[in-house]
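Excluded from the calculations below are hydrogen atoms, water molecules and symmetry mates; all remaining heavy atoms, backbone and side chain alike, are included. Chain letters run A, B, ... following the sequence lines, proteins first and then strands; every chain starts at 1.
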There are 2 protein chains.
Amino acid sequence: MKLSTLSRKQEIYKTAARLFKEKGYSAVTMRDLAAEMGIKAASLYNHISSKQQILSEIILDIATQFTSGIDAITGQETNTLAKLKAVIAQHITLTADNPYGMAALNNDWMHLEGKLDHYLDLRNRYEKKFRDIILEGKESGELKDVNTEILVYSILTTLRNLYLWIPKKGELKKDELIEGLSIILLQGVES
Amino acid sequence: MKLSTLSRKQEIYKTAARLFKEKGYSAVTMRDLAAEMGIKAASLYNHISSKQQILSEIILDIATQFTSGIDAITGQETNTLAKLKAVIAQHITLTADNPYGMAALNNDWMHLEGKLDHYLDLRNRYEKKFRDIILEGKESGELKDVNTEILVYSILTTLRNLYLWIPKKGELKKDELIEGLSIILLQGVES
DNA sequence: GTCTATATTAAGATAGAC
DNA sequence: GTCTATCTTAATATAGAC
């Protein structure tokens, strides 16, 4: 793919993700998507094979990036707080790169058909690795003895929904956001 | 309405909310809804006037409850931490009462047609009142000087998504959840 | 209160011309 | 790579019988 131009296929994915964020997968028609790109719906099928394939591509692309990311973090020889901060940084980076894709990941995964099981598998493994980081922190004494499930839920929910908020706050620099979120999410639970 | 039986209309709202949570408003058809209730789609129209009306009813009912609730909390003569804990308790209570409606509120509000402006108005007022509680706490010194916008986002996101989590965790008692969440959300920001 | 039958509109997708 | 034309299916909703 050329550097500063997206292939037509990539353009379709990008436009679709934006529309999916606004109205959800089911409410976006192939005619909506085509109109947004200035072509007719039938022309889309020269580049993609189905609406379903567009959704799969968008969601599994991001899910795979999160999976690789958490594997790298888990493999680090660092303490729990460094790992948690790396998880926060990864969410901010991937969300800033692709906020519309993150929205589809969060809200439209249940409309995956053939790839649903694969997606659920990736998500469950991600959650387990994240929970394990928390559990290690509690065992080592780095984290206070708060309720694990509530803490896992609270942090992951905040991170997963950053797409609702990041694009509007262009004035906040990425490093400041990583610092600010780390303080708010972690300061209360550090020993 | 009789005490232990829902009117047919209420039954429709309740069933619809559950289906909306699973697949989203747009992906649920009147035939799906009717089948779930053991009748034909046409029969639904003896009780309700449109699919759109079902969505309005579900969302605005909850949004109104949140609005009354925050008005009561804002009117209390208590300190900031007590007010924040009351907000947390309200979210937990309303979500536990109606997790499916909360899902529709969060995910399907953009499909409101005639009532969209009214909904957005209620939501904006709620957010403003919540932000004002945080700002008062910072002025009075009860809260640390953390980034206001990040804190507002983080707490509200966690509370708004409780529906994803509360129904699965029946073993957690409500009071424990209020305590646990208050610790995790607030302990890091108290002075 | 529910049914069958149906009107109307719009969806995803394909064929074949240019 | 895009178009027009079209197939097939399914959506919301109404009319009128029981």
Side-chain angles (χ1 to χ4, degrees), chain A residues 1-2 4-60 104 107-116, chain B residues 1-2 4-60 104 107-116:
Chain A
M1 184 174 62
K2 277 184 287 180
S4 47
T5 53
L6 293 172
S7 73
R8 210 82 179 104
K9 196 188 262 197
Q10 295 298 321
E11 234 181 306
I12 291 172
Y13 293 149
K14 194 180 160 188
T15 307
R18 178 164 52 79
L19 296 184
F20 292 167
K21 187 203 167 195
E22 285 165 17
K23 309 201 298 177
Y25 173 76
S26 302
V28 174
T29 72
M30 296 302 273
R31 286 167 176 82
D32 291 337
L33 175 54
E36 202 72 14
M37 303 191 58
I39 60 179
K40 297 290 175 183
S43 307
L44 292 168
Y45 291 88
N46 200 52
H47 307 283
I48 51 91
S49 66
S50 68
K51 186 186 176 188
Q52 179 62 208
Q53 183 221 321
I54 298 175
L55 184 69
S56 287
E57 189 72 28
I58 292 171
I59 291 182
L60 288 173
N107 301 323
D108 287 318
W109 59 267
M110 72 286 283
H111 299 118
L112 288 171
E113 290 162 13
K115 301 277 179 61
L116 177 60
Chain B
M1 186 175 60
K2 276 184 289 181
S4 49
T5 53
L6 293 171
S7 73
R8 211 82 178 101
K9 195 187 262 196
Q10 295 297 321
E11 233 182 305
I12 290 173
Y13 293 148
K14 193 179 161 189
T15 308
R18 178 163 53 79
L19 296 183
F20 291 167
K21 187 204 167 195
E22 284 165 18
K23 309 201 298 176
Y25 173 76
S26 302
V28 174
T29 70
M30 296 302 273
R31 286 171 177 82
D32 290 337
L33 175 54
E36 202 73 13
M37 301 192 59
I39 60 178
K40 297 289 175 183
S43 308
L44 292 169
Y45 291 88
N46 200 52
H47 307 284
I48 52 92
S49 65
S50 68
K51 187 186 175 189
Q52 178 63 209
Q53 182 221 322
I54 298 176
L55 184 69
S56 286
E57 189 72 28
I58 292 170
I59 291 182
L60 289 173
N107 301 323
D108 287 318
W109 59 267
M110 73 287 282
H111 299 117
L112 287 171
E113 291 163 10
K115 301 277 179 62
L116 178 60

For the pair made of [atom1] in [X] and [atom2] in [N], what is the distance, rounded to whole Å?
X       : N      : atom1 : atom2 : result
B:Met30 : D:dT12 : CE    : P     : 7 Å
A:Lys9  : D:dG1  : NZ    : P     : 11 Å
A:His47 : C:dG12 : NE2   : C1'   : 17 Å
A:Leu44 : C:dA11 : CG    : P     : 13 Å
B:Lys51 : D:dA10 : NZ    : P     : 16 Å
A:Asn46 : D:dT4  : CG    : P     : 15 Å
A:Tyr25 : C:dA11 : OH    : C1'   : 12 Å
B:Glu11 : C:dG1  : CD    : P     : 11 Å

Would you say [N] has OP1 or OP2 under 4.0 Å from some side-chain N or O of [X]?
X       : N      : result
B:Lys40 : C:dT2  : no
B:Ser43 : C:dC3  : yes
B:Tyr45 : D:dA13 : yes

Can you name the nearest heavy-atom pair linking B:Ala16 to B:Ile58, along with the distance? CB-CD1, 4.2 Å
So, for B:Ser26 and A:Ser26, which heavy atoms are closest and what is the spacing to 0.1 Å?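 Nearest heavy atoms, B:Ser26 then A:Ser26: CB-CB, 3.8 Å.
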On a plain distance test, is the side chain of A:Arg31 in donor-acceptor contact with the base of C:dG12 below 3.5 Å?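 Answer yes: a donor N or O sits under 3.5 Å from an acceptor.
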Answer yes or no: is there an ion pair linking B:Glu36 with B:Arg18, defined by an N-O contact shorter than 4.0 Å? yes
Distance from B:Gln52 atom CD to B:Glu113 atom CD, nearest 0.5 Å? 4.0 Å
Ignoring the backbone of A:Ala42, work out which of C:dT14, C:dT4, D:dT2 is nearest its side chain.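 Selected nucleotide (nearest to the side chain): C:dT14.
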